[in-house]
Amino acid sequence: MQLNLSTWCEVKDYLKTQKDIIIPIGSMEQHGPMGFIGTDSICPEIVASGISKTQNVLIAPTIPVGMSQHHLAFPGSLTLRPTTMIAVIKDIILSLTGHGFTHLFFLNGHGGNVASIKTAFSEIYAEHSLSNKPSSVHLDLYNWYDGKRVEEIENKYFKDVNGSHATPSEISLSFYAHPDAVKKAELSPRVAPTNQFRDCFDFQNNFPDGRIGSDSSLASIAVGKELFEAAVQDALEIYKQFINNKP
Ligand code: NI
C-alpha cells in the first residue's frame, strides 16, 4: 500500500489496525560512469515495494535527496546540509506520529545519510525526555545492503571489488529496477582506488571518475534480481522484529 496513492480515508482506516510505516530514504548523487544518479533512492524504493507485496504495510514516498556534500564536484549531484536533512526527517516523523503512527522504519540506501538520520531520531527522543512526555514512538534505521543474504551474493559475484561507492551490487539492483535505462562505460582503472575523503574537491582528487574501490562493470540485471529477492528477505526479517517490539 503506497501512501501517495492512498486517500486520507484509507490511511485513517489503516491506523485503526496498524501503526507502522516504511519510509525509503536515499540520495541523488553521482555513482561513477555507469551508475544512475538516483541509485541510492531507487534501491530502497524497490526493496520497500517488494516488502509491501508480502506484508500489508504502508510505504511512504521515497525521500530522494540525502547528505551527499562530498559528491558535489560531479554534475547532477544534489545535497542537503546535515542540519537541513535532520530538519526534514524530524518534520516527516512529527507529521506521521501526529496522525498516530508509532513504528517508523527508515529503509536507507546511502551510508552518508546514517549520521543525520540517527541524529534526527535522537532529537525526537530528546524532546520526549526533556518535556517529560513518555511516548510510544519507535524509530528504526536499516540499510538495505546490510543483511546477510545480500552479503552472501556480493561475496559470490563481486568479492574484493564491490568497493564502497558505485558498487556493482547497488548498480545491479538499480539496473534490475530500471532495465530500460541500463548504461555501459569503459572503466579505467577497472577497479577504482580507495582512500579517505573530506569535501567534494578532495573526493574528486582521490576518485576522479567517482567510484570508490569498485568495479561497476560487473553489474548486471541478473544479479540485481538475486539481490532484490535477498534484500527483501533481509529487510523483512529486521522489519518484523521491529514491529513486534511493541511498548
Ligand atoms: Ni550508493
Side-chain angles (χ1 to χ4, degrees), residues 23-50 62-80 82 85 89 106-118 141-147 150-151 153-155 157-178 181-183 185 187 191-197 199-200 202-204 206-221 223-224 226-228 230-232 234-235:
I23 305 155
I25 182 165
S27 71
M28 206 53 65
E29 64 187 41
Q30 69 81 19
H31 273 73
M34 281 183 61
F36 306 139
I37 286 174
T39 299
D40 290 352
S41 298
I42 291 164
C43 291
E45 185 165 272
I46 192 173
V47 174
S49 82
T62 303
I63 302 172
V65 181
M67 213 305 287
S68 306
Q69 63 79 16
H70 45 296
H71 295 290
L72 280 185
F74 296 88
S77 298
L78 311 178
T79 195
L80 301 177
M85 185 165 185
I89 294 167
F106 283 75
L107 184 56
N108 181 44
H110 174 48
N113 288 345
V114 169
S116 300
I117 297 171
K118 286 190 170 172
L141 165 64
Y142 177 69
N143 302 315
W144 72 265
Y145 44 80
D146 274 349
V150 167
E151 192 183 336
I153 293 170
E154 288 176 342
N155 286 337
Y157 292 105
F158 311 133
K159 203 154 175 54
D160 298 326
V161 296
N162 198 44
S164 58
H165 186 64
T167 69
S169 170
E170 61 183 343
I171 293 177
S172 294
L173 183 54
S174 68
F175 282 3
Y176 172 69
H178 292 280
V182 165
K183 325 278 183 196
L187 300 178
V191 181
T194 57
N195 205 335
Q196 303 292 311
F197 56 84
D199 56 25
C200 70
D202 184 47
F203 186 103
Q204 195 180 36
N206 291 341
F207 316 109
D209 77 358
R211 296 173 296 140
I212 305 178
S214 63
D215 178 0
S216 310
S217 70
L218 298 176
S220 73
I221 295 171
V223 177
E226 285 188 48
L227 282 163
F228 169 70
V232 169
D234 282 342

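Whatever order the structure lists them in is the order used to number ligands and atoms, beginning at 1.
In summary, an N, O or S atom of H31 is located under 2.8 Å from the Ni ion (ligand 1).
The two atoms that bring H31 and I171 nearest to each other are O-CD1, 4.1 Å, heavy atoms only. The heavy-atom pair separating Y145 from H110 by the smallest distance is OH-C, 3.8 Å.
Minimum-distance N/O/S atom of D40 relative to the Ni ion (ligand 1): OD1. In E170, the N, O or S atom that comes nearest to the Ni ion (ligand 1) is OE1.
With sequence neighbours excluded, the residues that form a side chain to side chain contact (heavy atoms under 4.5 Å, CB included) with Y142 are F105, L107, D146, D234, A235, I238. By the side-chain hydrogen bond (donor to acceptor under 3.5 Å, both in side chains) test, N108 pairs with N113, N143, sequence neighbours left out.
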